[in-house]
Amino acid sequence: MHVGKSTSLYLPQLFFLFLFICNFLLLSLVYAQTDDPLLNSEDSSVAIPDSELVVVAPVTSLIAEDYKYDDGKQINLSWVPSIDDQLVGSKVLGYRLFRIIDDGKPELLAKLRCGANSYSDGKLKSESVYSYYLEAFSKNFIATSTRTVPISPEREWINFDRKYLFLLAFIIGGAVIFFIESARRGKKLFVRKIAGLEAVDEAIGRATEMGRPILFIPGILDMNDVQTLAGITILGRVSQQIANYDTKIRMPVSRSLVMTAARETIKAAYQTAGRPDQYSDDMVNYVTDEQFGYVAAVDGIMVREKPATVFLMGAFFAESLILAETGNSVGAIQIAGTARPAQLPFFIAACDFTLIGEELFAASAYLSGEPKQLGSLKGQDVGKGIAMAAILIGVLAETIGTAWNVEFMNDVVRWLTILFTTQ
Amino acid sequence: MTMVDIGRLISLIFIGGGLLWLFISGLKGKEVDRRIIFLFIFLSVATPILFPITFGEKATPVVKAVFDKVESLPEGSRVLISFDFDPAMAPEVQPMANAITRHSLTKGHKVIFMSLFATGQALLTQSLRKVVGEEFPELEECKDYVNVGFKAGNEGVLNVIVTDFKKMFPTDVNNVPYDSIEVFDGIKSCKDIDLIVSIGGGMPGVKEWVLFVGDPGNVPVAAGVAAVVAPQMYPYYPEQILGILGGVKGAAEYESELIKNYPHFAEMDTPALRMMGPQTLAHMVIMIFIVIGNVLFFVSRRKRRGK
Amino acid sequence: MKKAPIIIMALVTALFVLSWIFKAISFQGTEEHFILSGFKYTLAAFLTLAIFSFLYRDNPFYKFAEHLFVGVSAAFWMTMGFWSTIVGNLIPRVSEDLSHFFEVPYEPASRNLFYFIPVFLGILLLMRLSSKYGWLSRWPLAFIVGTTAGFNFVRYLRSDFINQISATFIPLLVDWHGIGHFFSNLSLSSVGQLVTILSNLVLFLGVFCGLIYFFFSKEHKGAFGAASRVGIWILMITFGASFGYTVMGRISLLVGRLTFLFKDWLELIS
Amino acid sequence: MKREIPLLITFIVGVVLIVSVFVPPTETLGEDFSVFFDIIAVFAFFLGGGNLVQSHFSKARKRQTDWGYSIVTLVGFVAMLTIGLFKLGNPGGISAPPTAEGSLFQEIFDFVIMPLSATMYSLLAFFVASASYRAFRAKNREATILLVAAFIILLGRTPFGMLVTGWIPESFDILQIPNMAIWIMNSPNLAGQRAIMIGIGLGVVSMSLRIILGIERTYLGGDD
């Protein structure tokens, strides 16, 4: 069945077999040793005279290794379980792991179940030296393993476990920057129409004609959420239009920081439009951090002030539909956008236009119309191209690999999975 | 006819008649005010709360499989029911645990109760007091059922009891030693148990029971899980899990199957069926509204085209 | 004209008092502060009904509930922010005296100076109140925006991009034993081979076409346009399905509220 | 200057945080910065709370429409803030958690905030119905697909799905509506969710870069 190439895959198995045999020899030695009555009598707590002594072998090949790519905080331990630790009729009841710091007294670190063969000790200090040993215990016997060579966790400066993450970030980030640059130099770029954003002008115009305010809701999360950030950047573009048309904007927010940021943004827009005197801080109001308290207030504003246009741009949760339905009931044109997949259906159902996920983040670039901003959208498409290519190759290779057991294809899948797995 | 029946009848006639009237007035070209929809939703939820309405849930094959298994086991079989859930999950899955407990005890099976969740033990005690204590007062603890309670260790517990039950549970919760518990006669490990029912959906839960006990010990495992996790369990059905109760609906299906086979259960508490009343009626009303909306849409479009 | 609101107001007040009396009577004997308990349950029920009244239309009761909600909850979160972040997180790291004052354990550590950065930035933020130095408040904003952008850059790349791609490496032919075996076992069983294969195929094509829909820099025409159309359909199924699936949970919420009214307040059902 | 320094701060902080992911000694920087964020956000409360008080106060003073309700907000706000900050009516005194069992603060939460919040949330049951009545109409192909998918799932969640299609034999049971509903959730629904998520990942990467590089700077205000 196997092609010549795959013989290399036997190597680990052979190595494992070798290890196993070595261990077995070692174990039998230790086993013989624990039969020694002297050794047993040494530990008085172990010997229980009235019942039969259940002697067990200790664990072997206990190795302590520095976890390579960290700040010098973690040591990984691995061992081969005691041969008396078996799935059926195990004599070993469990293990106790001890740690010695800087030649101090041994301290119990953890109790482990049968079958355990590894442990990660975190939150260590790179200045200290650590050594470990394990006890395997039966109901009346304790077998102690050899101590590990003392080591200290080391601080690494670069995490090579994340090299593929870096590679992908580099390629996609690089593509975005490349297309921004090339657009800046005057290369023409095509960007398809996004219906929701095409409608922005019209929606603002409508509010102007009707003499009613525009309501802008930036979601209910704070500035540390990237969707709120997207909402604020869109606000930047929208408020420029609003300033040009001299329409009224109303923006209740549920976070104080968002209030501050939104005020700066709108103020800047009015300055750019040459109407700084028209701006007032009253355009943006803080309501409350409480999710449904905010919703109650916004619903109230909607039915009382009857905005002509409502923008819902940012992170929304359950309130999405309450807001969108109330907005709909007062006859507002609603343009919504969120990157929360669970809330998108409600916006689709109740709003006139919805920006789906990626479109929300692309919106401010699209609305700006500046070539360099549009260039970044082209960069995103490179990322999509990579995703599609990877999925296509991955699916085909997986299909051929599993259906006809083609080893090369399985290797392709393995390699792709490593590339697209993050640490 | 009791007052409840009359109330139920009047409300249902009101809802049904109202919908019909809406449809007819819609055909005449009137728009439906959304407040009328609100009113119908309110009625369809409030009516079943005030006057309990239960719909004949017909068990889906996944649920029926569990019921049939309990039903087909000979009297005196050992059934293990594990309460693997915490109070947050309880409203959804505790009705399942109660229904299966009732069914097993009625069939004369000997039931072993346990929990892999620390907070599950209190819920287990609650169920025992309510179901066993009140509905099966003639049954004796240790002889007809046993409560071994919670043991820490997650799948480690399972790893042990698949080969040796006594090792993990030397006594029951009341410190009665294993060997003097009649239920455990002839039971050495989980392999001697005829059916394992894991109710939960978190970690550890159904998946661990399948991987650590069901598969290695070749013991049939049935599952009851919250609705959100149910889709993740389907890959195990029917090879590794013989049947699944998913969410309130799964519990309601089991309860209705129970009533179908043992009519006297209709008198007892059936929380899942009760919960399904408002759900079903409201879903129905929403679906009828969708249909009305579409019919009216097509009628008005035809009229417009006709002009 | 003006009579109707006054009558309604009086009626609601009377009902409130009546409910208070009845609830107090029903709590008598079981609770120590039965008059207070009666008030609490009546208040909760009144506020519940006030919110529900919004479904009919905006009205003074809703306005009252809404304004009360805003004031009380804003203060609630500010208080929580003060106790948990300032007293719980900041003070133990910057001041021993204040730690003693608030009875929180002081945590001396070398990195504590670090925590003066946010305090400094927070004070700069308050410069917003001054008309002369208001521009300084942009520094903390710039810091926050930079943090959000930098932090989420890698986070989203990982969880939403990379992990979703590797999760889609699925075989199109599941449990494949040749074409003959496939046809001889052909069935539409939900756990059968055909359905499983179909599932994976739909998953693969769905992700693929969905991504094509999101392409910005290529016109959606021809084969590309057709694929993008399929992408929209998949998205529509997604939205329809998620919508339908959520309905049940939403109704449970209403069941919860009505149960409170019928059971805890009116005691109509047991 | 007023604009350059903030841009520089954004650039440095953003780049440092991206790089920190690959450099173990700075790996926890992201977490540290979120603590910073929380602290700055509490300072911002002064601005937010101040704005709340000021706007309602001026509304009440100017006797604008509905000014009486502004007084309700003000009274509620001041009362709750006083109770919370001075831990009035808290059996444990100043060192007890503000939400201690039986404290006045917690009581107000339980009997005012909780019912209001839960009721507001439960309005969704009504809005879900009115939205589906309006939106689920077979106006065009896309809307029809939306409608059909939603309808199958709705049917699958009620006894009627089984009632109507329960007779279909097991070898064709994908055609039973409850099974079809599960299939839709697991297959096309999952595909759509994934496509959306991959797009979101790219959107965030690109927007973050625009912000860090200072191409997107609307949030920083003008040059005054």
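None of these values were measured; they are calculated from a predicted model.
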S.K.: Is any side-chain heavy atom of D/V205 closer than 4.5 Å to a side-chain heavy atom of A/F361?
M.R.: no
S.K.: Would you say CZ of D/F86 has more than 12 non-hydrogen atoms from neighbouring residues, nucleotides or ligands within 6.0 angstrom?
M.R.: no
S.K.: Under a 4.5 Å heavy-atom cut-off, does chain D meet the side chain of A/L360, its backbone, both or neither?
M.R.: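 It is neither, since no heavy atom gets under 4.5 Å.
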S.K.: Most heavy-atom pairs under 4.5 angstrom with chain D, which of A/E319, A/R237, A/K372, A/Q227?
M.R.: A/R237
S.K.: Tabulate, in ascending numerical order, the residues of residues 132-140 of chain D having at least one heavy atom closer than 4.5 Å to a heavy atom of chain A, or enter 'none'.
M.R.: D/R134, D/A135
S.K.: To the nearest 0.5 Å, how far apart are CG in D/N51 and CG in A/D282?
M.R.: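 Separation between the atoms: 8.0 Å.
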S.K.: Need one label for A/S376: side chain, backbone, both or neither, based on atoms under 4.5 Å from any heavy atom in chain D.
M.R.: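 The answer is both parts of A/S376.
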S.K.: Measuring heavy-atom distances to chain D, does A/A324 have an atom under 4.5 Å in its side chain, in its backbone, in both, or in neither?
M.R.: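 Contact with chain D: none, neither part.
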S.K.: Counting heavy-atom pairs under 4.5 Å with chain A, which one of D/V204, D/I113, D/L123 comes out on top?
M.R.: D/V204
S.K.: To the closest 0.5 Å, what do you measure between CG (D/L116) and CZ (A/F292)?
M.R.: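 It comes to 12.0 Å.
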S.K.: Against chain D, label A/A318 side chain, backbone, both or neither, depending on which of its atoms sit under 4.5 Å from a heavy atom there.
M.R.: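 Both backbone and side chain.
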S.K.: Do you know which of A/L377, A/I177, A/N224 has the most heavy-atom pairs with chain D at a distance under 4.5 angstrom?
M.R.: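 The candidate making the most pairs under 4.5 Å is A/N224.
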S.K.: Please set out all donor-acceptor pairs under 3.5 angstrom arising from side-chain atoms of residues 7-16 of chain D, sequence neighbours excluded.
M.R.:
unit_1: D/T10; atom_1: OG1; unit_2: C/A142; atom_2: O; d: 3.2
unit_1: D/T10; atom_1: OG1; unit_2: D/P6; atom_2: O; d: 3.0
unit_1: D/T10; atom_1: OG1; unit_2: D/Y219; atom_2: OH; d: 3.4

S.K.: Most heavy-atom pairs under 4.5 angstrom with chain D, which of A/S368, A/A296, A/G293?
M.R.: A/A296
S.K.: Among D/M197, D/E216, D/H56, D/Q54, who wins on heavy-atom pairs under 4.5 Å with chain A?
M.R.: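 Maximum pair count with chain A is reached by D/E216.
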S.K.: Restricting to non-hydrogen atoms, name the atom on D/T218 and the atom on A/G236 that form the minimum distance, rounded to 0.1 Å.
M.R.: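 Taking D/T218 first and A/G236 second, the nearest heavy atoms are CB-CA, 3.9 Å.
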S.K.: Please report the closest heavy-atom contact between D/I200 and A/G357, naming both atoms and the distance.
M.R.: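 The answer is CG1-CA, 3.6 Å.
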S.K.: Counting only heavy atoms closer than 4.5 Å, note whether A/I391 contacts chain D via side chain, backbone, both or neither.
M.R.: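 For A/I391, side-chain heavy atoms alone lie under 4.5 Å from chain D.
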S.K.: So which residue, D/A118, D/G50, D/S34, D/S117, ends up with the most heavy-atom pairs under 4.5 Å with chain A?
M.R.: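 Ranked by heavy-atom pairs under 4.5 Å with chain A, first place is D/S117.
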S.K.: With a 4.5 angstrom heavy-atom cut-off, could you sort out which part of A/I356 is near chain D: side chain, backbone, both or neither?
M.R.: side chain
S.K.: Most heavy-atom pairs under 4.5 angstrom with chain D, which of A/A230, A/A342, A/A169, A/A387?
M.R.: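 With the most close heavy-atom pairs to chain D, the winner is A/A230.
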S.K.: Rounded to the nearest 0.5 Å, what's the gap from CG on D/L202 to CG on A/D381? Could you check?
M.R.: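 Rounded to the nearest 0.5 Å, the CG-CG separation comes to 8.5 Å.
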S.K.: Of the backbone (N, CA, C, O) and the side chain (C-beta and beyond), which part of D/I18 lies under 4.5 Å from a heavy atom of chain A, both, or neither?
M.R.: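 Neither part, no heavy atoms under 4.5 Å.
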S.K.: Which atoms of A/E290 come close to chain D, meaning under 4.5 Å heavy atom to heavy atom: side chain ones, backbone ones, both, or neither?
M.R.: side chain
S.K.: Which answer fits A/A365, side chain, backbone, both or neither, if we ask what part of it has an atom under 4.5 Å from a heavy atom of chain D?
M.R.: both
S.K.: Identify the two heavy atoms, one from A/Q380 and one from D/G203, that lie closest to each other, and give their separation to 0.1 Å.
M.R.: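 Here A/Q380 and D/G203 meet closest at NE2-CA, 3.5 Å.
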S.K.: Would you mind checking which part of A/R263 comes under 4.5 Å of any heavy atom in chain D, side chain (CB onward), backbone (N, CA, C, O), both or neither?
M.R.: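 The side chain, not the backbone.
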S.K.: Could you tell me whether A/R304 atom CZ has more than 12 heavy atoms of other residues or ligands within 6.0 Å of it?
M.R.: yes
S.K.: Quick check for you: among D/L47, D/L146, D/V21, which has the greatest number of heavy-atom pairs under 4.5 Å with chain A?
M.R.: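 Most heavy-atom pairs under 4.5 Å with chain A: D/V21.
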S.K.: Which atoms of A/I180 come close to chain D, meaning under 4.5 Å heavy atom to heavy atom: side chain ones, backbone ones, both, or neither?
M.R.: side chain
S.K.: For chain D, which candidate among A/T272, A/L344, A/I172, A/D222 shows the most heavy-atom pairs at distances under 4.5 Å?
M.R.: A/D222
S.K.: Rounded to the nearest 0.5 Å, how far apart are CD of A/E370 and CD1 of D/I215?
M.R.: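 Separation between the atoms: 9.0 Å.
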S.K.: Please classify the contact between A/V258 and chain D as side chain, backbone, both or neither, with a heavy-atom cut-off of under 4.5 Å.
M.R.: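 Neither part.
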S.K.: Which atoms of A/D281 are under 4.5 Å from chain D, going by heavy atoms: the side chain, the backbone, both sets, or neither?
M.R.: neither
S.K.: For the residue pair A/L321 and D/A131, what are the closest heavy atoms and their distance?
M.R.: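 Here A/L321 and D/A131 meet closest at CD1-CB, 3.9 Å.
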S.K.: Might you point out which heavy atoms bring A/M223 and D/F37 nearest each other, and give the distance in Å?
M.R.: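 So the minimum-distance heavy-atom pair works out to N-CZ, 4.0 Å.
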S.K.: Please rank A/V176, A/I158, A/I322 by heavy-atom pairs under 4.5 Å with chain D and give me the top one.
M.R.: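 If we count pairs closer than 4.5 Å to chain D, A/I322 comes out on top.
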S.K.: Using heavy-atom distances under 4.5 Å, tell me whether A/N328 contacts chain D through its side chain, its backbone, both, or neither.
M.R.: side chain
S.K.: Which heavy atom of D/I196 sits nearest to which heavy atom of A/P341, and what is that distance?
M.R.: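 Closest approach of D/I196 to A/P341: CG2-CG, 4.4 Å.
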S.K.: Nearest 0.5 Å please: distance from the OG atom of D/S55 over to the OH atom of A/Y286.
M.R.: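 Atom-to-atom, D/S55:OG and A/Y286:OH are 11.5 Å apart.
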S.K.: Looking only at heavy atoms and a cut-off of under 4.5 Å, which of D/F77, D/F45, D/Y121 has the most pairs with chain A?
M.R.: D/Y121
S.K.: Which distance, rounded to the nearest 0.5 Å, do you find between the CD of A/E325 and the CG of D/L124?
M.R.: 10.0 Å
